[in-house]
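Below is one structure, written out as structure tokens, with a few remarks after it.
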Amino acid sequence: VLVALVGFYVFPYGWSFSLAMTFGSILAATDPVAVSALLNEVGAPPRLKIHISGESMLNDGSAVVFFSIFSALFLSELGINGLGE
């Protein structure tokens, strides 16, 4: 949501709120590879790695859902038939 608010209020593009939320949902998906590499370096237990991976999957799934919702809303604002209904 924070990225979407920056896109809506700070960027000089005049985006609608649904477009800003679509942009924010794209950037919200995180990549756990760097965290996994760091956990391997410090010798973290395997159970912690599983928790981090599960949390990342939940984040990715919610990002897909939010992208689907807000992109459909944005496309319906544009009047593109069949995509935002």
Side-chain angles (χ1 to χ4, degrees):
V1 174
L2 182 62
V3 174
L5 292 176
V6 168
F8 186 70
Y9 289 112
V10 176
F11 289 173
Y13 304 124
W15 288 351
S16 68
F17 186 69
S18 59
L19 178 59
M21 288 296 285
T22 303
F23 177 71
S25 68
I26 291 170
L27 295 182
T30 58
D31 187 16
V33 174
V35 176
S36 295
L38 180 65
L39 291 175
N40 285 337
E41 273 187 37
V42 297
R47 185 171 178 171
L48 181 60
K49 296 175 197 172
I50 292 172
H51 285 294
I52 297 292
S53 297
E55 188 264 342
S56 176
M57 289 174 61
L58 182 66
N59 284 347
D60 291 346
S62 62
V64 168
V65 170
F66 287 134
F67 176 79
S68 299
I69 291 169
F70 288 111
S71 64
L73 183 62
F74 175 68
L75 292 173
S76 69
E77 288 175 1
L78 292 179
I80 298 175
N81 293 330
L83 293 175
E85 296 176 358

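Since this is a predicted model, take the numbers as computed values, not measurements.
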Within this structure, what is the [atom1]-[atom2] distance for the pair [X] and [Y], rounded to the nearest 0.5 Å?
X     : Y     : atom1 : atom2 : result
Trp15 : Phe74 : CH2   : CZ    : 9.5 Å
Thr22 : Phe17 : OG1   : CZ    : 10.0 Å
Leu58 : Ser53 : CG    : OG    : 12.5 Å
Met21 : Leu5  : CE    : CG    : 7.5 Å

**Prompt:** So which heavy atom on Ser25 is nearest to which on Ala63, and how close?
**Reply:**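 Closest heavy-atom pair between Ser25 and Ala63: O-CB, 3.6 Å.
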**Prompt:** Closest approach of Ala44 and Lys49, non-hydrogen atoms and distance?
**Reply:**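 Taking Ala44 first and Lys49 second, the nearest heavy atoms are O-CE, 3.6 Å.
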Is there a path of hydrophobic side-chain contacts, each under 4.5 Å between heavy atoms, that joins [X] and [Y]?
X     : Y     : value
Val64 : Ile69 : no
Leu2  : Tyr9  : no
Tyr13 : Leu78 : yes
Val10 : Val3  : yes

**Asked** Is there a side-chain contact between Leu73 and Ser76 (heavy atoms, below 4.5 Å)?
**Response**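 Side chain of Leu73 against side chain of Ser76, heavy atoms only: contact under 4.5 Å found.
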**Message:** Within the 4.5 Å heavy-atom criterion, are Leu19 and Phe23 side-chain neighbours or not?
**Reply:**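 Result no, sub-4.5 Å side-chain heavy-atom pair not found.
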**Asked** Is it true that atom CZ of Phe66 has more than 12 heavy atoms of other residues, nucleotides or ligands lying nearer than 6.0 Å?
**Response**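 Atom CZ in Phe66 is not crowded, with 12 or fewer foreign heavy atoms closer than 6.0 Å.
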